[in-house]
Amino acid sequence: MKDIIAVKLGGSIITNKRKPWSVNKEVLERLCSELAESGKRVIVIHGGGSFGHPLAIKYQLAEKIVKGKEWSGMVHEVRKAMLILNDIVVKALENAGINVFSLQPSSFVVMDKGEVTYFDVTVIKRVLEMGLTPVLFGDVVLDVSYGFSIISGDKILVNVVRDLNIKRAIFVTDVDGIFLYKEDERRRILIDNISIDELRDLVKLLRQEPSDATGGIIGKLQSLMLLKGTSCKEVLIINGGVPDLLRKALIGESVKGTRIII
Ligand code: ATP
Ligand code: IP8
């Protein structure tokens with residue numbers, strides 16, 4: 001699996017996170033075309049954006065134990081929202097000429113207290129061997145202590161990369177990369193290169209976003225720390241709003257963004 005690249009199409013770029021149920025259709029379509037034009041084999045993972053996050057926050061699914069009768073309404077609503085977005089992403093990929101096979105993570109992932117305890121990549125591997133592009137997404141999965149937990153697309157990417165010995169991953173977001181905000185917050189510096197060992201200190205300097213069900217940028221960096229000691233050599237965080245950046249990043253050209261060296 002060494003030539004496969006894991007790509008997360010972030011909810012921040014394929015949807016408008018400030019407006020529930022909104023898709024950035026043109027951007028999504030362009031990103032799918034860039035994936036196709038790159039000629040690279042990829043695994044696509046997408047986030048929840050304006051579909052999964054508002055409902056997860058409404059029901060406080062990220063914080064509370066969901067057992068018994070309570071689960072049916074809430075859990076179904078969030079999962080349904082993710083399936084609706086998944087259908088839109090799958091159609092956009094197909095229209096770009098990519099042969100996709102979408103897999104719902106709740107059928108191969110189990111968590112305990114919000115941490116992944118079971119992640120079975122057998123079917124993903126088989127799908128790749130058949131020459132198809134697996135598409136995965138943030139989901140609500142069984143949790144042995146809580147009943148259900150949300151798994152972010154970020155955590156899915158990390159597990160897939162580790163278990164399939166993938167070397168490169170690209171996060172496509174609506175920002176140029178990770179910014180460090182200076183003193184009065186008016187000045188910000190783009191971190192272009194950072195080692196995985198430096199991430200822990202960086203996280204302490206960033207502000208938590210209260211409006212994100214899976215921890216926003218801090219949650220992302222915390223998930224990425226789990227890649228230490230794996231086959232993964234490099235993670236890029238790039239801006240999907242800039243045309244052709246994803247294609248260039250995929251073919252290995254040097255692009256603007258944050259490069260995390262593992
Ligand atoms: P989703 O989880 O819906 O898939 P995503 O993976 O695209 O979304 P987010 O988790 O929303 O991305 O993280 C990207 C967002 O983080 C950006 O929209 C940006 O506004 C916000 N952000 C907050 N602090 C920072 C920071 N220090 N550097 C970069 N982005 C930041
Ligand atoms: O957007 C969240 O995945 P993420 C998925 O990658 C749900 O954090 C269900 C909100």
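Order of appearance sets the numbers: ligands from 1, and atoms from 1 within every ligand.
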### Query
Between Arg30 and Glu26, does a salt bridge (Lys or Arg N to Asp or Glu O under 4.0 Å) hold up when you go through it step by step?
CA-CA 6 Å; Arg30 176 176 50 72; Glu26 273 176 33; over 6 Å; no
### Task
Please report the C-alpha distance between Asn16 and Ser50 in whole Å, then the side-chain angles of each, then the deciding distance to 0.1 Å, and finally whether the side chain to side chain donor-acceptor pair (under 3.5 Å) criterion is met.
CA-CA 6 Å; Asn16 175 358; Ser50 68; over 6 Å; no
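Using a cutoff of 4.0 Å between basic side-chain nitrogens and carboxylate oxygens, Asp139 and Arg79 are scored as salt-bridged. Using a cut-off of 4.0 Å between Lys/Arg side-chain N and Asp/Glu carboxylate O, Lys80 and Glu77 are scored as not salt-bridged.
In this structure, Lys17 has a heavy atom closer than 4.0 Å to ligand 1. Residue contact annotation: Gly216 has a non-hydrogen atom under 4.0 Å from ligand 1. Assignment of Gly219 to the shell around ligand 1 is not supported, since no heavy atom sits closer than 4.0 Å. For the pair His46 and ligand 1, no heavy-atom separation below 4.0 Å is found. Ligand 1 has no atom lying under 4.0 Å from any heavy atom of Phe171.
Between atom 10 (C) of ligand 2 and the options Gly48, Ser223, Gly52, the minimum heavy-atom separation is to Gly52. Taking only non-hydrogen atoms, the option from Asp176, Asn239, Val175 nearest to atom 19 (C) of ligand 1 is Val175.
Side-chain contact between Asn86 and His46: present, with at least one pair of heavy atoms (C-beta onward) separated by less than 4.5 Å. By the 4.5 Å heavy-atom criterion applied to side chains, Leu250 and Leu35 are counted as neighbours.
Between Lys8 and ligand 2, an N or O atom pair is found at a separation short of 3.5 Å. At under 3.5 Å, not a single nitrogen or oxygen of Ile178, backbone or side chain, sits near a nitrogen or oxygen of ligand 1. For Asp174, a nitrogen or oxygen atom sits less than 3.5 Å from a nitrogen or oxygen atom of ligand 1, counting backbone and side chain alike. Residue Asp154 has no N or O atom closer than 3.5 Å to an N or O atom of ligand 1. Every N/O-N/O distance between Ile13 and ligand 1 stays at or above 3.5 Å. Checked against a 3.5 angstrom limit, the closest N/O atoms of Thr173 and ligand 1 fall outside it.
Interface of Gly153 with ligand 2, defined as ligand atoms under 4.0 Å from a residue heavy atom, comprises 3 (O), 4 (P), 6 (O). Which parts of ligand 1 touch Tyr181 is read off a 4.0 Å heavy-atom cut-off, strictly below it: atoms 27 (N). Shown in contact with Gly47 at under 4.0 Å from a heavy atom are these atoms of ligand 2, numbered in order with element: 1 (O), 4 (P), 6 (O). Near Gly177, the atoms of ligand 1 lying under 4.0 angstrom from a non-hydrogen atom of the residue are 28 (N), 29 (C). Interface of Lys8 with ligand 1, defined as ligand atoms under 4.0 Å from a residue heavy atom, comprises 1 (P), 2 (O), 4 (O), 6 (O). Taking a cut-off of under 4.0 Å to the non-hydrogen atoms of Gly49, the atoms of ligand 1 that pass are 3 (O). Close approach of ligand 2 to His53 (heavy-atom distance below 4.0 Å) involves ligand atoms 1 (O), 2 (C), 4 (P), 8 (O), 10 (C). Which parts of ligand 2 touch Val78 is read off a 4.0 Å heavy-atom cut-off, strictly below it: atoms 9 (C). For ligand 1, the atoms lying closer than 4.0 Å to a non-hydrogen atom of Leu206 are 27 (N).
Paired with Ile14 under the rule side chain to side chain contact (heavy atoms under 4.5 Å, CB included), one option of Val89, Asp174, Thr173 passes, and it is Val89.
With 3.5 Å as the limit, one finds a donor-acceptor pair spanning the side chains of Ser149 and Asp143.
Counting only residues at least two apart or on different chains, the ring-ring contact (aromatic ring centres under 6.0 Å, His included) pairs with a member in residues 8-41 are Trp21-Phe51. Residue pairs that meet the side-chain hydrogen bond (donor to acceptor under 3.5 Å, both in side chains) test with at least one member in residues 224-233, sequence neighbours left out, are Asp197-Lys228.
Remark: Phe101 CZ is loosely packed, at most 12 non-hydrogen atoms of other residues, nucleotides or ligands lying under 6.0 Å away.
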